[in-house]
Student: 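Structure in structure tokens, see below.
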Amino acid sequence: TVSFPPTVYNRFGTSYSSVCGTLARVEVERATGHVRVARAYSVVECGQALVPQVVVGQMQGGFAMAVGYALHESLPLYEDGPGNGKWNLGQYVIARASDLPLSGLECEILPPVAPNDAPKGIAEVVMIPVVPAILNAIFDATGRRVQSLPVTPAMLKGA
């Protein structure tokens, strides 16, 4: 059987966004400054999850995107970046499987706040708490507060 969500979403100014949070554990190699995300836990409350497997997949993808944003992705401005005509996507490093805690990422979907809660959108909202979780874990491991992204090994070398 197929059930469709209610169609009462035609009210202006109403928001149906999800709430989420993330905890991260990182390992920092002090000699090189290399950061590895060892474990992570992400949780989301998205109302009634119509297809929970898709929600978990979105959470995993958002986590990977946020790890890339926090630790790898750099898009320099002006003459040093794409505007110089010589820059290409080979210089734009994204997170790879080796950068992720593949077996150490736990995703949990909380039950709806109310039994009749409608589905809420999750999209990239699951990315939002990942970067602060990684930065706070780095601070906890090194005592060094990072103020700019991406966090490079040079920033943490010897920390």
Side-chain angles (χ1 to χ4, degrees), residues 15-84 86-113 117 119-159:
S15 175
Y16 294 99
S17 56
S18 300
V19 179
C20 53
T22 299
L23 298 171
R25 177 178 163 225
V26 300
E27 295 173 353
V28 180
E29 191 175 313
R30 293 190 188 273
T32 64
H34 175 59
V35 176
R36 184 177 86 81
V37 181
R39 295 193 56 78
Y41 172 73
S42 283
V43 62
V44 67
E45 189 284 305
C46 59
Q48 177 192 2
L50 298 177
V51 184
Q53 296 87 344
V54 172
V55 174
V56 169
Q58 185 72 24
M59 293 173 75
Q60 293 167 338
F63 185 86
M65 287 174 61
V67 167
Y69 181 66
L71 301 177
H72 300 293
E73 298 175 29
S74 177
L75 192 61
L77 299 175
Y78 313 112
E79 291 78 19
D80 294 332
N84 71 7
K86 300 174 188 165
W87 206 86
N88 65 45
L89 288 177
Q91 295 164 270
Y92 187 70
V93 181
I94 61 171
R96 300 180 185 103
S98 59
D99 300 314
L100 304 171
L102 297 179
S103 61
L105 174 59
E106 185 180 345
C107 297
E108 182 178 353
I109 304 169
L110 295 176
V113 174
D117 255 0
K120 301 173 188 172
I122 61 164
E124 281 77 21
V125 73
V126 293
M127 289 179 61
I128 294 170
V130 176
V131 174
I134 290 171
L135 296 181
N136 283 328
I138 289 170
F139 174 71
D140 190 49
T142 65
R144 188 169 293 175
R145 186 65 74 185
V146 179
Q147 301 293 325
S148 63
L149 296 176
V151 178
T152 63
M155 292 174 168
L156 301 175
K157 190 173 182 179

Student: Short question: side chain of D99, backbone of R96 - any donor-acceptor pair under 3.5 Å?
Tutor: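 Judged by distance alone, yes, a pair lies under 3.5 Å.
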Student: Any idea which heavy atoms bring L71 and P150 closest together, and the distance?
Tutor: C-CB, 3.7 Å
Student: Heavy atoms, side chains only, cut-off 4.5 Å: are L149 and L135 in contact?
Tutor: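 Yes, side chains in contact.
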Student: Is there a side-chain contact between P153 and T32, using heavy atoms and a 4.5 Å cut-off?
Tutor: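 No; the side chains remain at least 4.5 Å from each other.
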Student: For a side chain to side chain contact (heavy atoms under 4.5 Å, CB included) check, start with the C-alpha distance between V131 and I134, then their side-chain angles and the critical distance, and finish with the verdict.
Tutor: CA-CA 5 Å; V131 174; I134 290 171; 5.8 Å; no
Student: So, R36 and E29, do they make that salt bridge, N to O below 4.0 Å?
Tutor: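 Answer for the salt bridge query: no.
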Student: So which heavy atom on A64 is nearest to which on A95, and how close?
Tutor: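 Minimum heavy-atom contact is O-CB, 3.5 Å.
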Student: Out of curiosity, K86 NZ to E79 CD, how far, rounded to the nearest 0.5 Å?
Tutor: 11.5 Å
Student: State the CD1-NE2 distance between I94 and H72, to the nearest 0.5 angstrom.
Tutor: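 Atom-to-atom, I94:CD1 and H72:NE2 are 9.5 Å apart.
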Student: Taking C-beta and beyond as the side chain, do L110 and V19 meet within less than 4.5 Å on heavy atoms?
Tutor: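 L110 vs V19: side chains apart.
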Student: Heavy atoms, side chains only, cut-off 4.5 Å: are S74 and V93 in contact?
Tutor: no
Student: Is there side-chain contact between L100 and L105, with at least one heavy-atom pair below 4.5 Å?
Tutor: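 No, every pair of side-chain atoms sits at 4.5 Å or beyond.
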Student: From S42 OG over to M127 CE, what is the distance, rounded to the nearest 0.5 angstrom?
Tutor: 11.5 Å
Student: Could you grab the distance from atom CZ of R145 to atom OG1 of T142, nearest 0.5 Å is fine?
Tutor: 9.0 Å
Student: What I'd like to find out is whether the side chain of V130 reaches to under 4.5 Å of the side chain of Y69, using heavy atoms alone.
Tutor: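 No, every pair of side-chain atoms sits at 4.5 Å or beyond.
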Student: Please name the pair of heavy atoms, one in A133 and one in T22, separated by the smallest distance, quoted to 0.1 Å.
Tutor: CB-O, 3.5 Å
Student: Without swapping roles, check the side chain of Q58 against the backbone of A123 for a donor-acceptor pair under 3.5 Å.
Tutor: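 Looks like yes, one N/O pair under 3.5 Å.
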Student: Would you indicate whether the side-chain heavy atoms of K120 and E45 approach each other to under 4.5 Å?
Tutor: yes
Student: Could you tell me which non-hydrogen atom of I109 sits nearest to which non-hydrogen atom of A49, and how far apart they are?
Tutor: CG2-CB, 4.4 Å
Student: Which pair of heavy atoms, one from V125 and one from S18, lies closest together, and at what distance?
Tutor: CG2-O, 4.0 Å
Student: Which atoms form the tightest heavy-atom contact between S148 and M155, and what is the distance?
Tutor: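 Distance-wise, the nearest heavy atoms are OG-CE, 3.2 Å.
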Student: Does any non-hydrogen side-chain atom of P101 lie less than 4.5 Å from one of F63?
Tutor: yes
Student: Do other residues, nucleotides or ligands put more than 12 heavy atoms under 6.0 Å from Y41 OH?
Tutor: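 Correct, the count exceeds 12.
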